[in-house]
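Reminder, nothing fancy here: chain letters follow the sequence lines and each chain counts from 1.
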Amino acid sequence: MEKMKKALSNCYLSLIVLFMYAPIATLVVLSFNSGRSRAKWSGFTTDWYLEMLADDTIMAALRNTLIIAFLSALIATILGTLAAIGINNMKSWSRNTVMSITNIPMLNADIVTGISLMLCFIAFKISLGFHTILIAHITFNLPYVILSVMPKVRQSSKDTYEAALDLGATPIQAFFKVVLPELMPGVTSGFMLAFTMSLDDFIITHFTRGAGIDTISTLVYSQVRKGISPTMYALSTVIFLTVFIVLMIGNYAPEWLSRRKK
Amino acid sequence: MKSKSSRYLAMPYIIWIVGFIVIPLLTIVYYGFTDPNHAFTLGNLAEILVWENYRPLYRAMLLAASCTAICFLLAFPLAMILREHKVGRGSIIVFIFILPMWMNSLLRILAWQTLLERKGVINGMLTALHLPEQHLINTTAAVLIGMVYDFLPFMILPLYNALMKIDDNTVNAAYDLGASFWQTLTKIILPLSVPGIVSGVTMVFVPALTTFAISNMLGGGKIYLIGNVIEQEFMQDSDWNQGSGLSLVLMIFVIVSMLFVNHFDDKSDTRRGGIM
């Protein structure tokens with residue numbers, strides 16, 4: 001009976017894994033298929049990868065995606081970390097107000113956030129382009145940073161900061177040498193979260209980008225109407241692999257490092 | 001850092017959220033309640049009562065509800081199994097189930113398009129087996145599969161977090177007192193996992209209700225949802241007033257459904273499993 005139960009549950013886990021990964025595996029396989037057909041295997045090739053590397057639109061989209069993800073995560077992390085410290089020291093009334101506004105982008109549907117930003121940019125005559133995507137991404141990244149850093153700010157003691165000042169540190173020194181290291185785990189996870197959120201976003205980018213600039217998501221969306229080229233499969237494979245490696249490092253490296261230190 | 005002056009560290013942030021959260025929301029409210037001549041009107045909101053707008057909203061509600069239900073039915077047994085096997089937070093198995101959450105969702109929809117297309121992978125396999133080709137893409141089922149596939153990890157994670165927090169002793173006590181598996185499930189485990197269920201349902205229902213990319217890519221423009229209507233108002237028809245009005249209606253629907261779902265969660269916010 002126990003054995004049967006175990007087999008059944010393993011079977012269930014495998015089915016879900018199959019459902020989740022079979023489509024991704026299909027893309028990986030097709031990226032090496034020399035024919036354009038999706039139904040027939042016509043031999044192994046890496047041509048699609050070379051074609052992808054030579055394709056200016058794909059490379060520009062990839063570059064945009066990475067730059068926007070990095071910059072928006074960085075700026076959101078700086079603004080958000082400072083904000084978390086500040087908010088924690090506010091009176092409860094203003095703290096609650098700020099936190100409610102902070103939650104709006106997380107509660108609101110992405111389509112509404114995207115449209116509201118687009119309308120606002122156009123109403124105030126800000127032309128759409130790289131910078132508007134960046135502003136939008138920073139905006140939806142901020143709540144994630146604050147929610148990651150806030151618990152660390154609450155746990156941290158105010159005494160260490162004051163001790164540093166008493167021992168002759170300037171406030172800036174005390175911030176970088178005492179306060180920030182204490183918050184660091186929250187800051188890094190906030191940055192990682194913001195980075196991945198930005199990489200993955202489609203809806204908000206779709207509304208806040210102008211003509212002529214693409215990220216990976218918007219490029220895929222526009223390709224779908226024209227018919228998908230196998231270079232897209234090569235691109236997907238590269239992205240899936242990168243996400244996998246980055247997450248592996250992000251998830252397991254801290255644990256592994258701390259084990260080594262011991 | 002408890003000094004009063006550290007409050008001002010939040011200043012740049014406050015300026016940012018006023019500029020890019022509060023003002024944009026006021027802009028959309030302004031457009032929603034005015035006509036192209038800047039005169040006050042409720043006509044944009046009333047547009048939802050028109051058949052062409054009401055129908056996609058109804059269809060989106062139905063699809064999002066089905067998607068949420070299917071995700072729950074798939075994810076709950078999975079989370080139960082992980083709990084029973086005592087699979088820990090950092091384990092590779094949990095990593096495998098949560099990983100797709102971080103992969104570009106458009107690429108994952110693209111994968112399903114490749115599978116379901118008329119000359120796609122599934123039909124290719126059917127032909128190879130001398131079976132008749134199936135009409136898979138551009139159907140409601142295709143859109144539903146895409147939604148379930150896209151949002152399933154967002155149900156798995158909070159359910160897993162909630163179930164792992166339930167004390168074994170509580171469950172064992174129920175068994176010792178003579179409860180059957182079914183009774184333990186409905187009287188102990190389900191009530192204790194409500195916070196996880198609530199956040200899972202919100203994380204699946206809201207994006208499913210408002211999507212336009214999935215319905216466009218797998219529905220081929222035939223499965224028209226409220227998200228598609230709004231997207232068209234802005235990107236093709238450039239009717240901002242009507243688009244804003246419909247967005248406000250959608251916002252109300254999202255808020256109401258979230259209040260409804262949160263109503264089941266009795267203020268246990270602190271225990272809720274968040275994102276990764």
Let me know if A/I135 has heavy atoms under 4.5 Å from chain B in its side chain, its backbone, both or neither. both

Look up atom OH in B/Y13 and atom OG1 in A/T81, then write down how far apart they are to the nearest 0.5 Å. 11.5 Å

I'd like to check A/I122 versus B/W240 (side-chain heavy atoms, cut-off strictly below 4.5 Å). Are they in contact? yes

Is it the side chain or the backbone of B/V206 that comes within 4.5 Å of chain A heavy atoms, both, or neither? side chain

Tell me, do A/M248 and B/I92 make a side-chain contact under 4.5 Å, heavy atoms counted? yes

Can you say whether A/I146 sits under 4.5 Å from chain B via the side chain, the backbone, both, or neither, judging by heavy atoms? side chain

Could you check A/L117, A/T113, A/L119 and say which one makes a side chain to side chain contact (heavy atoms under 4.5 Å, CB included) with B/I28? A/L119

Heavy-atom distance under 4.5 Å to chain B: side chain of A/F244, backbone, both or neither? both

Just give me the residue among B/I23, B/N216, B/V148 that pairs up with chain A most often, heavy atom to heavy atom, under 4.5 Å. B/N216

If one checks every heavy atom of B/I81 against chain A at 4.5 Å, the contacting part turns out to be side chain

Does any heavy atom of chain B fall under 4.5 Å from the side chain of A/N10, the backbone, both, or neither of them? side chain

For the atom pair OG (A/S217) and CG (B/L110), what is the distance rounded to the nearest 0.5 Å? 11.5 Å

For chain B, find which of A/V243, A/T139, A/L107, A/V153 contributes the most heavy-atom pairs closer than 4.5 angstrom. A/T139

So which residue, A/L235, A/I115, A/I104, A/L147, ends up with the most heavy-atom pairs under 4.5 Å with chain B? A/I115

Backbone N or O of B/S105 within a donor-acceptor pair of the A/D200 side chain at under 3.5 Å? yes

Could you tell me if the side chain of B/I21 sits less than 4.5 Å from the side chain of A/F140, heavy atoms only? no

Which atoms of A/I101 approach chain B - backbone, side chain, both or neither, heavy atom under 4.5 Å: both

Specify whether B/F234 and A/F207 have parallel, tilted or perpendicular ring planes, treating 30° as the upper limit for parallel and 60° as the lower limit for perpendicular. perpendicular

Checking A/T26 against chain B: side chain, backbone, both or neither under 4.5 Å from a heavy atom? side chain

For A/L142, is it the side chain, the backbone, both, or neither that has a heavy atom closer than 4.5 Å to a heavy atom of chain B? side chain

Minimum-distance pair of heavy atoms, taken over all atoms of B/F97 and A/M20: O-CE, 3.4 Å

Are A/D110 and B/T210 side-chain neighbours, meaning at least one heavy-atom pair lies under 4.5 Å? no

Parallel, tilted or perpendicular for A/Y221 and B/F212, by the 30°/60° rule? perpendicular

Tell me whether the count of non-hydrogen atoms from other residues, nucleotides or ligands lying under 6.0 Å of CZ in A/F19 goes above 12. yes

Proximity breakdown for A/S94 and chain B, heavy-atom pairs closer than 4.5 Å: neither

Specify the closest pair of heavy atoms between A/V17 and B/I96, including all atoms of both residues, with the distance to one decimal. CG2-CG2, 4.2 Å

Let me know if B/P207 has heavy atoms under 4.5 Å from chain A in its side chain, its backbone, both or neither. neither

Check: A/V98 and B/I17 side chains under 4.5 Å, non-hydrogen atoms: yes

Leading residue by heavy atom contact count with chain B [cutoff under 4.5 Å; candidates A/I228, A/L82, A/D201, A/L15]: A/L82

For the student: nearest non-hydrogen atoms of A/L30 and B/T114, plus distance: CD1-CG2, 3.3 Å

Would you say A/I172 has more than 12 foreign heavy atoms packed within less than 6.0 Å of its CD1? no

I need the minimum non-hydrogen distance between A/I87 and B/A10, along with the two atoms involved. N-CB, 4.1 Å

To the nearest 0.5 Å, what is the distance between CG (A/L13) and CG (B/L82)? 6.0 Å

Under the criterion side chain to side chain contact (heavy atoms under 4.5 Å, CB included), I'd like the reasoning laid out for B/L74 against A/Y12: C-alpha separation, chi angles, the key distance, then a yes or no. CA-CA 9 Å; B/L74 287 176; A/Y12 187 74; 4.0 Å; yes

Atom CE of B/M103 and atom CD1 of A/I24: how far apart are they, to the nearest 0.5 Å? 5.0 Å

Where on A/I239 is there a heavy atom nearer than 4.5 Å to chain B: the side chain, the backbone, both, or neither? side chain

I need the A/T196 OG1 to B/N104 CG distance, nearest 0.5 Å. 12.0 Å

Please state whether the side chain, the backbone, both or neither of B/M235 comes within less than 4.5 Å of a heavy atom of chain A. side chain

Any heavy-atom pair between the side chains of A/S9 and B/M80 that's under 4.5 Å? no

Side chains of A/N108 and B/L25 in contact at under 4.5 Å (non-hydrogen atoms): yes

I'd like to check A/F121 versus B/P24 (side-chain heavy atoms, cut-off strictly below 4.5 Å). Are they in contact? no

At a heavy-atom separation under 4.5 Å, does B/E231 approach chain A through its side chain, its backbone, both, or neither? both

Contact summary for A/L79 and B/P12, nearest pair of heavy atoms: CD2-CB, 3.4 Å

Spacing of A/L27 atom CG and B/L107 atom CG [to the nearest 0.5 Å]: 7.5 Å

Please classify the contact between B/L250 and chain A as side chain, backbone, both or neither, with a heavy-atom cut-off of under 4.5 Å. side chain

Please classify the contact of B/V29 with chain A as side chain, backbone, both or neither, using a heavy-atom distance under 4.5 Å. neither

Taking all heavy atoms of B/W102 and all of A/L247, pick out the closest pair and write down the distance. CD1-CD1, 3.3 Å

Quick check on B/T127 against chain A: is it the side chain, the backbone, both or neither that has a heavy atom closer than 4.5 Å? neither

